[in-house]
Amino acid sequence: MKRVLFLGHSGLAGGAEYCLDTTLRFLDRNRLEPFALFGTEGPMVASARSLEIPAAVVPFSWWLLYERSGWDWRNRLRSPWRVAWLARWIREKGIQAVYTNTACLDEGMRAARACGIPHITHIHEVLQDAFMQPRRYPLEKIVALYYRNSEAVIYESRAAAETARPLLNNDVLFDQKTHVVSNSSRFSRNDVFSTRKPGEIKTILWMGRFSERKNPLLLVEALATLKSRTDWRVRFVGEGPLEGALRQAIRANGLESRSEIVPFQEDVKPVLAAGDLLVLTSREESFGLVLVEAGMFGLPVVATWAEGPTEIVRDGETGFLVDDAPSLAARLNQLLEEEVFRKEMGWKNQQRVAELYDPARNTAKITEILTQPPDLSDEPPTDSLRN
């Protein structure tokens, strides 16, 4: 049995955190003995412990997407000592491989190399300049360090992986170490239920972080052109820095009576059970877990042409892919108008996600990567890791 340390950048509820939680839940415990360290306290820490996985909190220093603050600078200065502590901890526990569940952390990679054991990077981000701010180094350097110091680099979608290829500028190394493993639904069709009532007004769902990257204002812009219809309402579920602008846009477009903003929901099943269709408006998206979860509830989806959604959504069959507010409004109007078509599309979506995004099957792929014999001879530890 192989002892593997799983590192999460936070213990809070969120997309990448949920993916790690699902991986831990479906690991083959006959082949792997997991340990977990999280960057912050939160429900994911408690979840790991409920699975009888030893779990603790370590204030990791991020090299991507960190918040500029005095705390961050002080924490960054402690990084060399934390890496040394982590290396000692790895040796004491007999850890045989380290798995880092994000591109934001580098300390696990450094400690694994210091101990001479394999490191696996699972990237849940699209490595593009616009949304990978702030960062300590150029993206090219970050990608190169991960590839040179990891035995495998996992992405959520092929499209997200391909954004890193030109950054690495080494096709041989990229093809050798890159793996694509889709994220999985957190629940199955046995968990599905509906609270919809016949003749009830149709509910359009939007779920995620209110941010520029997730772009909820695009949905407001599209819905403003559908005000002549009286058979819909929209529910925005989430939190984030764009909430004030979202509320202002709803007021400015006269949509207050049809719109509801509710806080982030850790259990999304009741939200999905009350919806008729779901919209994802991200400017970039490495995967789009909410599309899979909506599909599991038999909802059709409308998403923008971003990385992960283009692989999840079969345009015109399980949902629609759109470019802008007018095309989004047109597809929403079609789904609102054609009830039989909407329900048939939702059924096809459910069949597809149940087949492709099964947690047991996808976690088995990660298990195979983790149990591969290490090959540390191709690339020695790069000196720049000590910078």
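Along the sequence shown, the residues carry numbers beginning at 1.
Aromatic ring pairs are classed by plane angle as parallel below 30°, tilted from 30° to 60° and perpendicular above 60°; the pair Y155 and F174 is tilted. Ring orientation note: the planes of F320 and F341 are tilted relative to one another, at an angle of 30° to 60°.
With sequence neighbours left out, E339 forms a salt bridge (charged side-chain N to carboxylate O under 4.0 Å, His left out) with K343.
Judged purely by distance below 3.5 Å, without hydrogens or angles, the side chains of H124 and T102 never pair a donor atom with an acceptor atom. No hydrogens or angles considered: nothing links the side chains of E307 and S157 as a donor-acceptor pair under 3.5 Å. Of the N and O atoms on the side chains of T22 and S184, not one donor lies less than 3.5 Å from an acceptor on the other residue. Q248 and R251 share no side-chain donor-acceptor pair at under 3.5 Å. In this model, a donor atom of one side chain and an acceptor atom of the other lie less than 3.5 Å apart for T178 and Y147. Side-chain atoms of R352 and T318 include no donor-acceptor pair closer than 3.5 Å.
F297 and L356 fall within a single hydrophobic cluster, where Ile, Leu, Val, Met, Phe, Trp and Tyr are joined by side-chain heavy atoms under 4.5 Å apart, directly or via other members. Neither V153 nor V180 shares a network with the other; the hydrophobic side chains, linked directly or stepwise wherever heavy atoms of I, L, V, M, F, W or Y lie under 4.5 Å apart, form separate groups for each.
Put simply, OG1 on T363 and CG on D358 are 8.5 Å apart, with the number rounded to the nearest 0.5 Å. Between the CD1 atom of I204 and the CZ atom of F236 there is a distance of 9.0 Å, given to the nearest 0.5 Å. Note that CG of L65 and CD of E125 are 6.5 Å apart. Values are rounded to the nearest 0.5 Å.
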>> If you apply the rule side chain to side chain contact (heavy atoms under 4.5 Å, CB included), what do you find for L145 with K141, and how did you get there?
In response: CA-CA 6 Å; L145 288 173; K141 182 173 183 178; 4.1 Å; yes

> When you look at L20 and M44, which way does the side chain to side chain contact (heavy atoms under 4.5 Å, CB included) test go after all the steps?
Replying inline: CA-CA 9 Å; L20 176 57; M44 298 300 103; over 6 Å; no

>> For a side chain to side chain contact (heavy atoms under 4.5 Å, CB included) check, start with the C-alpha distance between T230 and R258, then their side-chain angles and the critical distance, and finish with the verdict.
In response: CA-CA 9 Å; T230 60; R258 301 195 187 197; 4.3 Å; yes

> Which is it for L167 and L127 under the side chain to side chain contact (heavy atoms under 4.5 Å, CB included) test, yes or no, and what are the steps along the way?
Replying inline: CA-CA 9 Å; L167 295 171; L127 299 176; 4.0 Å; yes

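A cation-pi arrangement, defined by a distance under 6.0 Å to the six-membered ring centre and an angle within 45 degrees of its axis, is present between R186 and Y18.
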